[in-house]
There are 2 protein chains.
Amino acid sequence: MGKTLSPHHAELADVATVDDALALVRARGGRATPSRRILLEVLFEAPRRHMTAEELAQAVRVRAPDVHLSTIYRNLEELERLGVVVHTHLGHSASAYQLASSAHGHFLCEECGKTIEVPDALFNELTRSATAEFGFSVNPHHFAILGRCADCS
Amino acid sequence: MGKTLSPHHAELADVATVDDALALVRARGGRATPSRRILLEVLFEAPRRHMTAEELAQAVRVRAPDVHLSTIYRNLEELERLGVVVHTHLGHSASAYQLASSAHGHFLCEECGKTIEVPDALFNELTRSATAEFGFSVNPHHFAILGRCADCS
DNA sequence: GTGCTTGCAAACGTTTTGCAGACTC
DNA sequence: GAGTCTGCAAAACGTTTGCAAGCAC
């Protein structure tokens with residue numbers, strides 16, 4: 001595939017409102033378009049909810065029916081580059097997008113598909129030894145940890 | 001998507017040779033076909049090497065030029081169900097297949113794409129607290145852990 | 001001969017891209 | 001007006017599936 005693994009996002013931006021985010025967009029020469037504003041509104045309305053690009057597109061279309069899925073993808077990519085948005089891979093299906101400020105780790109059950117949100121503290125020891133032994137700094141948010149949940153064990 | 005997240009593989013099978021694996025296949029009512037034997041030979045020749053389905057297909061075709069990629073996928077799926085083979089997701093690209101007996105965890109650099117093989121011991125603490133706090137039993141092999149390697153930090 | 005396996009082609013779901021027109025600033 | 005952004009269509013990617021012919025047992 002040879003493509004970049006993730007849009008190497010900036011430091012987590014200090015973005016508390018839709019307008020903060022649009023200001024960031026403008027600061028790098030971008031424009032504050034309706035589709036961008038509405039996408040951000042949707043993200044800020046349920047900041048802890050994971051949504052796929054398709055789900056975001058449907059939510060955006062309630063207010064602007066003609067916004068195309070490819071526009072959603074392009075805007076998410078841009079917002080991710082700016083550090084406003086983050087995506088997580090929950091297993092084999094579509095990526096889940098979220099505001100960067102509410103990012104967290106995930107356990108995903110291989111059996112039933114249930115996802116469990118995990119406090120970052122659980123990764124402290126792994127993060128510490130990864131750095132100590134490999135000089136590797138772990139990002140526990142980007143891919144879910146797979147396994148079996150209590151019900152399926 | 002709604003499909004099974006992973007072919008819920010049997011316990012790791014005690015399979016030390018190609019013929020052991022083919023015996024397992026037969027025990028399930030399957031047949032020992034040339035494409036299956038050659039695929040297993042390729043896997044046993046470099047047991048620690050990760051290979052994509054496409055790479056395996058190319059290697060198999062050296063000995064049997066007409067083996068189709070879909071046959072590779074079907075046979076890998078079957079061998080995974082039998083506990084002989086395991087696959088890992090290394091980032092956004094194609095899955096990496098391996099003999100189950102040489103499975104291990106991975107760190108993958110989001111910046112440069114380098115993968116680091118990780119001893120399972122590094123996951124001990126995460127595994128322990130995941131069980132204690134969530135009743136979740138971690139499988140550290142199925143998805144790589146992302147982050148930044150020493151060179152890219 | 002039974003029925004598992006194969007090659008092929010075509011579909012799949014997610015994501016990316018090329019383009020001409022539309023819009024923001 | 002310059003340059004960014006959009007909708008659309010089409011492609012890309014890895015993977016799966018339906019089918020009729022082929023092979024293992």
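Chain letters run A, B, ... following the sequence lines, proteins first, then strands; residues in each count from 1. Keep in mind that the numbers below use all heavy atoms, side chains included, and drop hydrogens, waters and symmetry copies. All of these numbers come straight from a predicted model, not from anything done at the bench.
Residue B:Arg36 places at least one side-chain N or O under 4.0 Å from the OP1 or OP2 atom of C:dT6. Distances shown here put a side-chain N or O of A:Ser95 below 4.0 Å from the OP1 or OP2 atom of C:dT15.
Taking a cutoff of 4.0 Å between a charged side-chain nitrogen and a carboxylate oxygen, B:Glu117 and B:Arg48 qualify as a salt bridge. Residues A:Arg63 and A:Glu45 are paired through a salt bridge, judged by an N-O separation under 4.0 Å between the basic side chain and the carboxylate. Salt-bridge annotation for A:Glu78 and A:Arg28: present, with a side-chain N of the basic residue lying under 4.0 Å from a carboxylate O of the acidic one. Salt-bridge check for A:Glu77 with A:Arg81: passed, with a basic side-chain N closer than 4.0 Å to an acidic carboxylate O.
The interatomic distance linking A:Leu39 (CG) with D:dG7 (P) rounds to 12 Å, in whole Å. Residue A:His87 contributes atom NE2, which lies 12 Å from atom C1' of C:dT14 at whole-angstrom precision. C:dT15 atom P lies 11 Å from atom CD of A:Glu80, rounded to whole Å. Atom CG of B:Leu22 is separated from atom P of C:dT5 by 11 Å (rounded to the nearest Å). Look at CZ on B:Arg81: it is 13 Å from C1' on C:dT5, rounded to the nearest Å. Taking atom CD of B:Glu77 as the reference point, atom C1' of C:dT5 lies 13 Å away to the nearest angstrom. One interatomic measurement links the two molecules: CG of B:Asn75 to C1' of C:dC4, which rounds to 11 Å at whole-angstrom precision. Atom NE2 in A:His89 sits about 17 Å away from atom P in D:dC13, given to the nearest Å.
B:His141 is linked by a side-chain hydrogen bond (donor to acceptor under 3.5 Å, both in side chains) to B:Asp120, counting only residues two or more places apart in sequence or in another chain.
When all heavy atoms are compared, the tightest approach of B:Phe134 to A:Leu122 is CE1-CD2, 3.9 Å.
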Footprint string (nucleotides 19-25 of chain C, 5' to 3'): B base within contact, S backbone only, - free, heavy atoms under 4.0 Å:
-----BS
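Within residues 51-73 of chain B, the residues that have a heavy atom under 4.0 Å from DNA chain D are, in order of number, B:Leu69, B:Ser70, B:Tyr73.
With ring centers used as reference points, B:His92 lies under 6.0 Å from A:His142.
Between the CG atom in B:Leu22 and the CZ atom in B:Arg26 there is a gap of 6.5 Å [rounded to 0.5 Å].
Cluster annotation: B:Phe107 is not connected to B:Phe143 through the hydrophobic network of ILVMFWY side chains, with a link wherever side-chain heavy atoms come within less than 4.5 Å.
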